Student: 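Okay, handing you the structure first.
Not measured: the values here are computed from a predicted model. Each chain gets a letter, A, B and so on, in the order the sequences are listed, and its residues count up from 1.
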Number of protein chains: 2
Amino acid sequence: MEKEKRMTPAGEHVLRVASGMFYREGIRAVGVEAIAAEAGVTKKTLYDRFGSKEGLIVAYLRARDERWRAWMEESVGGEGRSAKERLLSTFDALEGWIQHENPRGCGFVNAAAENPDPSHPAHAMAVEQKKWLREYFTKLAEEAGSETPGDLAERLVILHEGATVAHSLEAATDTARKAKEIAAILVADLPE
Amino acid sequence: MEKEKRMTPAGEHVLRVASGMFYREGIRAVGVEAIAAEAGVTKKTLYDRFGSKEGLIVAYLRARDERWRAWMEESVGGEGRSAKERLLSTFDALEGWIQHENPRGCGFVNAAAENPDPSHPAHAMAVEQKKWLREYFTKLAEEAGSETPGDLAERLVILHEGATVAHSLEAATDTARKAKEIAAILVADLPE
DNA sequence: GAGTAACTATACCGGTATGTATACTAACAA
DNA sequence: TTGTTAGTATACATACCGGTATAGTTACTC
């Protein structure tokens with residue numbers, strides 16, 4: 001569905017620069033001219049690689065999504081710990097992510113806020129990312145022996161998103177830790 | 001600090017129209033020209049009333065904030081129910097608000113997402129609104145006899161924000177109810 | 001009845017947005 | 001050697017952005 005353009009060095013560099021600007025300043029607030037200038041590249045190169053600003057936005061969100069999933073899955077780990085521990089460790093993953101890559105809130109929530117139209121790719125990708133998170137939680141909840149894994153997963157999503165937003169708007173401190181403590185109560189009845 | 005311009009019929013109408021457009025389509029996505037046209041008013045009228053687009057944005061957020069606080073305080077009510085009940089009823093207020101005025105997520109979170117610069121009025125007002133919510137919860141938590149009202153309030157904020165975001169990105173259903181159930185656990189030890 | 005506040009109508013301004021066109025260079029591969 | 005790919009540099013097209021200027025109208029008030 002998406003033509004996966006082969007990446008060149010200049011293309012990768014543009015994507016890296018644009019990702020930082022999009023996240024820090026907002027997608028609509030940043031123009032292609034500014035991106036090209038910041039990357040030390042001509043607009044032609046940018047358009048040769050990404051086709052349009054929207055193409056660049058999609059590439060930005062896709063790359064961010066991949067990094068997020070990798071971060072989460074690596075933090076959670078596989079064997080060696082119980083499913084219940086893995087469920088709770090998603091909040092440790094979130095804490096690290098917030099500190100290192102997410103001071104300004106969730107990039108997908110922000111992208112969706114800037115593009116309310118559900119048919120817009122940015123909005124659709126945000127929905128997609130949250131769907132992945134919910135299904136990932138559902139899988140972990142099943143493994144942990146929950147009788148209502150879908151329901152538990154939704155509650156964990158609420159805690160995750162709440163921790164992210166509350167942190168970015170300075171409504172609370174140490175939000176990932178607090179969310180984890182609440183989650184611990186929710187999974188207290190699950191077998192170790 | 002803010003010159004409170006007297007409102008005229010045309011001014012109020014512009015504000016009402018602009019509020020709907022800002023919320024539905026995004027602040028940056030809507031131009032003053034489109035607002036004036038939609039309101040059936042000339043740009044001169046708009047600028048006479050609000051001075052600038054930013055002035056209109058501030059008026060939009062301020063009005064929304066006032067409606068939100070009124071909605072919350074009225075839903076929670078005063079006497080006749082225990083402080084614990086009032087704490088939990090904030091989630092009923094949220095549920096109604098989401099259904100009637102908030103299908104696209106929190107207007108303040110969205111505004112802050114579009115304006116990452118903390119010195120921007122829209123961002124500052126979003127932070128302010130969340131601060132109010134936290135302090136409101138703190139007050140209710142104190143009245144309910146919590147030994148750590150500030151901490152409890154922050155956890156409730158996380159649940160509120162999470163429910164709002166999760167709903168708007170279709171990551172979960174019935175989010176306010178689920179958040180309320182979680183909150184009920186958090187306040188279970190408080191006296192009736 | 002003169003002044004003023006709130007409006008309409010319309011034209012205009014400079015800046016900036018996304019996107020395109022043209023011409024040239026360097027590296028590399030058939 | 002000839003063509004292709006990935007770049008640079010620069011100019012341009014077109015549209016729209018927030019905001020202003022000028023002129024005229026209606027209605028209420030002192």
Student: In terms of side-chain heavy atoms of A/R49, which of D/dG19, D/dG7, D/dA21 is nearest?
Tutor: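 Given the options D/dG19, D/dG7, D/dA21, the side chain of A/R49 is closest to D/dG7.
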Student: Between D/dG18, C/dT18, D/dA23, spot the one nearest the side chain of B/K44, thanks.
Tutor: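 So the side chain of B/K44 is nearest to D/dA23.
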Student: Would the distance check show the side chain of A/Y23 and the main-chain N or O of A/G105 forming a donor-acceptor pair, the cut-off being under 3.5 Å?
Tutor: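 Confirmed, A/Y23 side chain pairs with A/G105 backbone.
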Student: Taking only side-chain nitrogens and oxygens of A/T42, does any of them come within less than 4.0 Å of OP1 or OP2 of D/dT8?
Tutor: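 So the side chain of A/T42 is within the cut-off, an N or O lying under 4.0 Å from OP1 or OP2 of D/dT8.
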Student: When you check the gap from the basic side-chain N to the acidic O, do A/E170 and B/K130 get nearer than 4.0 Å?
Tutor: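 Salt bridge absent between A/E170 and B/K130.
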Student: Students often get this wrong, so: under 4.0 angstrom with heavy atoms, is B/G40 touching a base, only sugar-phosphate, or nothing?
Tutor: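 The residue B/G40 makes sugar-phosphate contact but no base contact.
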Student: With a non-hydrogen cut-off below 4.0 angstrom, is B/V30 in contact with a base, only sugar-phosphate, or nothing?
Tutor: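 Sugar-phosphate, backbone atoms only, no base.
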Student: So if I take every side-chain heavy atom of B/T45 and compare against D/dT8, C/dT18, C/dC7, which nucleotide ends up nearest?
Tutor: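 Of the candidates, C/dC7 comes closest.
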Student: From CG of A/L56 over to P of C/dA17, roughly how many Å is that when rounded to an integer?
Tutor: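 Nearest whole value for this atom pair: 15 Å.
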Student: Given C/dC7, C/dT20, D/dG7, which nucleotide is nearest the side-chain atoms of A/K43?
Tutor: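 The answer is C/dT20, which lies nearest to the side chain.
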Student: Please tell me which of the listed nucleotides, D/dG7, C/dT8, D/dG18, lies nearest to the side chain of A/T8?
Tutor: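 So the nucleotide nearest the side chain must be D/dG7.
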Student: Distance-only, no hydrogens or angles: does the A/R155 side chain make a donor-acceptor pair with backbone N or O of B/A179 under 3.5 Å?
Tutor: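 Absent.
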Student: Expressed in angstrom and rounded to an integer, what is the separation of B/D48 atom CG from D/dT20 atom P?
Tutor: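 Taking CG of B/D48 and P of D/dT20, I get 11 Å after rounding.
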Student: Identify, between A/A29 and B/V41, the residue whose nearest nucleotide on DNA chain C lies closer to the 5' end.
Tutor: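 Between the two, 5'-proximity favours B/V41.
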Student: If you only use heavy atoms from C-beta on, which nucleotide in D/dT20, D/dA6, C/dT8 is closest to the side chain of B/Y47?
Tutor: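 Shortest atom-to-atom distance from the side chain points to D/dT20.
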Student: Can we say B/D174 and B/R177 salt-bridge, meaning some charged N sits less than 4.0 Å from an Asp/Glu carboxylate O?
Tutor: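 Answer for the salt bridge query: yes.
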Student: Look at the side chain of A/K53 against the base of C/dG19 and say whether a donor-acceptor pair falls under 3.5 Å; ignore hydrogens and angles.
Tutor: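 Between C/dG19 and A/K53, which were checked side chain against base, a qualifying N/O pair under 3.5 Å is absent.
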Student: Measure from CD on A/E33 to P on D/dT10 and round the result to the nearest Å.
Tutor: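 Whole-Å distance recorded here is 13 Å.
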